[in-house]
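Presented below is the structure to which this report refers.
Below, chain A is the first sequence line, B the second, and so on; all start at residue 1.
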Protein chains: 2
Amino acid sequence: MRSKPATIKEIAQLLNISVSTVSRALHDHPSIGLTTRQKVKKLAGELNYEPNQTAIFLQQGRTLTIGVILPELSESFFSSAISAIEDSAYKRNYTVLLAQSHDDEQKEKQLVEKMKNHRVDGLLVSVSKNTSSYQHFENLKQYNIPIVFFDRIPAMQNIHYVACNMEIGTIEAVSYLLKKGHRSIGMINGPGTLFASGERKEGYIKAMIKNRLKFDPSLIVTCDLTEAGTQQALNELLASKRKPTAVVTFNDYVALFAIKHATDLKLRINQDLEFVSYANLPLINYMESIPSASVEQFPYLQGQKAADILLDLLAQKHQGVAEQTAYYKIIIESQLIENRGAADIKGK
Amino acid sequence: MRSKPATIKEIAQLLNISVSTVSRALHDHPSIGLTTRQKVKKLAGELNYEPNQTAIFLQQGRTLTIGVILPELSESFFSSAISAIEDSAYKRNYTVLLAQSHDDEQKEKQLVEKMKNHRVDGLLVSVSKNTSSYQHFENLKQYNIPIVFFDRIPAMQNIHYVACNMEIGTIEAVSYLLKKGHRSIGMINGPGTLFASGERKEGYIKAMIKNRLKFDPSLIVTCDLTEAGTQQALNELLASKRKPTAVVTFNDYVALFAIKHATDLKLRINQDLEFVSYANLPLINYMESIPSASVEQFPYLQGQKAADILLDLLAQKHQGVAEQTAYYKIIIESQLIENRGAADIKGK
DNA sequence: TAATTATGCGCAAACGTTTGTCCGTTTTTA
DNA sequence: TAAAAACGGACAAACGTTTGCGCATAATTA
């Protein structure tokens, strides 16, 4: 019952050979004779020897570890992403060092420090909502630690990122509703300060233009994403002159608040008032009274792409490829997905 | 634009002092004079010096890292747990190395190996469904790496674990339905092979005894947790002689399948047929047509407890406390939570 | 058979830290 | 004022690996 893991040194001592020989034997180096090699491997097996990654790092200058900093691990969107990241990392023999910022800029900074301490080879980041300065990310460049951002991208120059463009999905969403016969379509958007709100609004407008319809600004209302705010926003829409028969909501949370409120108002979901949303929540598939369609943002795919890019960068770096001057900027197009199972008027 | 992070050595060279002095200065060791200390800290700041954790590990024999191996990161239950774990670890200056087994025994074994390579100080594990041999965990004991299991506990002796007991919650669930006036309560349970199924059945029976009622075995049917299986199970219950007016389902997925099916059968949810389930899914709060109550399993709490236990063990170990012979076995009692917002007959 | 090439292995440095020990000055104490 | 204590700092070993280099001995070549 040893208390410490076996080392290469001990093996060397026990076999009366040098540590370098042991090391080489374990790596099948050609300059080591067959018999020695076998002896070493046998003993290593018996001692349950495992190479000490930490020591290897010191030698090689890399940890085979990538850091991941996300706002909220329990959010379904991010947990899908982290799952993808872990899968990608595993395939390429990397390990994931995980941390969450809770949308706190100060904590995010500390986490970046910690990742530097641990000498992660690279970093995957979805930026905190409240981060205003990006100096902590800039610093990493001097450390030669590549970062790939995803989903929440900071306003920085010369960065790698993977993001999802909501515009296309929004155009699809609005067009979908138009095709179903709706002539007045409302939108409960997020705060104007959010980049994401802009994309949705743009998409809405472009869809109208594309379908040669007039854009009525009063049909887009903003809300603060709370339940109360959502109720108010829906009330506003329903009170408007061109009372909408369909609503596009900023995200699934807003959608569910709105659906609840609409139900309270005795409106039949997707009949009197049809809903389309953006997918944040899983298992929408399991229930009725859900939006009839959702704009999918592919969190798993985003995480996967981001991880693959980072791992590619690391592989290049390790092979001594010259500092890249080009930056990956991957845009995943959002896509409208009809929610089969939703109550539906099957309009055509 | 340095390509490598600054080291203590460089600082020493630049200042024409020894590395030990630099190290001590940075740690505010009393034997270093004020002026030298200040010079060192100043230069360290300018060079953006960050201690190399990896090197420190080699010295100190610990990585300040805990490994976490879970079946599925994207499962809401586990992502809540991992969020709690990260929070606890962060508070005590630890970092989380994360991996998922996808319920694959082989992969789980490899992950344990990898964690050993990285020399994590301790391990948090929720065991894969398909794991049959626990040798890879046993081996860790020889490495003196403490493990704390949670939620899914292996059948091993002498382990630390945190689990949630479903029995109490089930008793509460059945009693709750009885109090609401139901006289025939069905249960759609999981496969008999699952430990979790046993607990639920026990709870059901104890609730009947407690309320001095006769237990009718035909009211408990098992299913394979698929949608088709659930439908069949529900049909079975509804066809039974004592057609139940309420059903306890194995988990939220089963509940949602059953609710969908019941709706198709024109049954009014929680009126003609009342549902109680076990909480796996979030945002149940956002929708109607959900079980009127859920047995909560507190994933965040489980993760938190497990992490705290592990970190306590590590702290003890670091302070040289003798090998503990006692094992933490924490049982969290499940608890029935009424789902406000669910359609309800408000029976009394 | 002598010169050359392989073969098989050991030596030692290096990666970045921490820490026990030792040593030369300065300051205090008697 | 001489001896003792306190101060400030340097030396070197250690943590576990990898790897360039050198050096015997054995095998090949001419």
Side-chain angles (χ1 to χ4, degrees), chain A residues 2-41 43-44 47-65 116-121 143-144 318, chain B residues 2-41 43-44 47-65 116-121 143-144 318:
Chain A
R2 7 181 359 84
S3 66
K4 287 286 173 196
T7 74
I8 239 176
K9 267 188 193 171
E10 295 174 358
I11 299 183
Q13 240 168 6
L14 258 46
L15 256 41
N16 252 317
I17 58 181
S18 79
V19 289
S20 52
T21 303
V22 176
S23 173
R24 289 189 165 100
L26 290 172
H27 287 80
D28 286 320
H29 191 284
S31 90
I32 303 299
L34 184 61
T35 49
T36 333
R37 200 179 315 179
Q38 287 177 335
K39 269 196 301 183
V40 168
K41 288 193 175 176
L43 185 57
L47 292 183
N48 235 306
Y49 169 78
E50 293 282 342
N52 186 330
Q53 268 300 132
T54 325
I56 295 178
F57 163 64
L58 214 48
Q59 237 287 128
Q60 317 234 318
R62 57 184 208 149
T63 52
L64 291 178
T65 296
K116 280 199 288 193
N117 279 352
H118 278 266
R119 295 296 193 269
V120 296
D121 289 346
Y143 270 71
N144 210 14
H318 187 236
Chain B
R2 3 178 5 82
S3 66
K4 287 287 173 195
T7 74
I8 240 176
K9 267 188 192 170
E10 294 174 359
I11 299 183
Q13 241 170 4
L14 259 44
L15 255 40
N16 250 316
I17 56 181
S18 80
V19 288
S20 53
T21 304
V22 176
S23 173
R24 289 190 165 100
L26 290 172
H27 287 79
D28 286 320
H29 191 284
S31 91
I32 303 298
L34 184 62
T35 50
T36 334
R37 200 181 312 180
Q38 287 178 336
K39 270 197 300 184
V40 169
K41 287 192 175 177
L43 185 57
L47 292 183
N48 235 308
Y49 170 77
E50 294 280 343
N52 185 329
Q53 268 300 132
T54 325
I56 295 178
F57 163 64
L58 212 49
Q59 237 288 128
Q60 318 235 315
R62 57 185 208 149
T63 51
L64 291 179
T65 296
K116 280 198 288 194
N117 280 350
H118 279 266
R119 295 295 193 268
V120 295
D121 289 345
Y143 271 72
N144 209 15
H318 187 236

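Atom CD of B:E10 and atom C1' of C:dT17 are 14 Å apart (whole Å). Nucleotide C:dT17 holds its C1' atom 11 Å from the CZ atom of A:R119, rounded to whole Å. In this structure, the CZ atom of B:F57 is 12 Å from the C1' atom of D:dT17, given to the nearest Å. Atom CD in B:Q59 sits about 4 Å away from atom C1' in C:dT18, given to the nearest Å. Summarising the geometry, the separation between CD on A:Q13 and C1' on C:dG10 is reported as 15 Å, rounded to the nearest angstrom. C:dG8 atom P lies 14 Å from atom CD1 of A:I17, rounded to whole Å. Following rounding to the nearest Å, A:N117 (CG) and C:dT18 (P) show an atom-to-atom distance of 11 Å. B:L15 places its CG atom 15 Å from the C1' atom of D:dA10, with the value rounded to the nearest Å.
Residues B:Y49 and B:L43 form no side-chain contact, since every pair of their non-hydrogen atoms from C-beta on lies 4.5 Å or further apart. Between A:F57 and A:T65, every side-chain heavy-atom pair lies at or beyond the 4.5 Å cut-off. The shortest side-chain heavy-atom distance between A:L64 and A:I56 does not fall under the 4.5 Å cut-off. Annotation: side chain of A:I17 is in contact with side chain of A:V22 (closest heavy-atom distance under 4.5 Å). The closest side-chain heavy-atom distance from A:N144 to B:K4 is not below 4.5 Å. Taking the side chain as every heavy atom from C-beta outward, A:R24 and A:S31 approach each other to under 4.5 Å. Put simply, the side chain of B:R119 reaches to within 4.5 Å of the side chain of A:P5, judged on heavy atoms. Residues A:K39 and A:L15 are in side-chain contact: their nearest non-hydrogen atoms beyond the backbone lie under 4.5 Å apart.
Minimum atom distance to the side chain of B:I8 is reached by C:dT18, of the listed C:dT18, C:dG16, C:dC15. Taking every side-chain heavy atom of B:T21 into account, D:dG9 is the closest of C:dT19, D:dG9, D:dT19. Considering only side-chain atoms of A:Q60, the nucleotide from C:dG10, C:dT18, D:dT19 that sits closest is D:dT19. Nearest to the side chain of A:S18, among D:dT17, C:dG10, D:dC15, sits C:dG10.
In this structure, the side chain of B:R37 engages the main chain of B:I32 through a donor-acceptor pair within 3.5 Å. Put simply, the side chain of B:D121 gets close to the backbone of B:T63: a donor and an acceptor are under 3.5 Å apart.
Nucleotides of DNA chain D nearest to B:N16 and B:A55 differ in position, and the one nearer the 5' end is that of B:N16.
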I need a per-nucleotide contact map over nucleotides 20-27 of chain D, read 5' to 3'. Cutoff is protein heavy atoms under 4.0 Å; write B for the base, S for backbone only, - otherwise. BB------
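Near DNA chain D, meaning a heavy atom under 4.0 Å away, the residues from residues 27-39 of chain A are A:H27.
The shortest distance between the side-chain N/O atoms of A:Q53 and the OP1/OP2 oxygens of D:dT17 is not below 4.0 Å. The shortest distance between the side-chain N/O atoms of A:K9 and the OP1/OP2 oxygens of D:dC15 is below 4.0 Å. Put simply, A:K4 has no side-chain N or O that comes within less than 4.0 Å of OP1 or OP2 on D:dG16.
For the residue pair A:T21 and A:S18, a side-chain donor N or O sits within less than 3.5 Å of a side-chain acceptor on the partner.
The two residues A:L58 and B:A55 come nearest to each other via the heavy atoms CD1-CB, 3.8 Å.
Rounded to 10 degrees, the angle between the two end axes of the helix from C:dT1-D:dA30 to C:dA30-D:dT1 is 50°, with five pairs used at each end.
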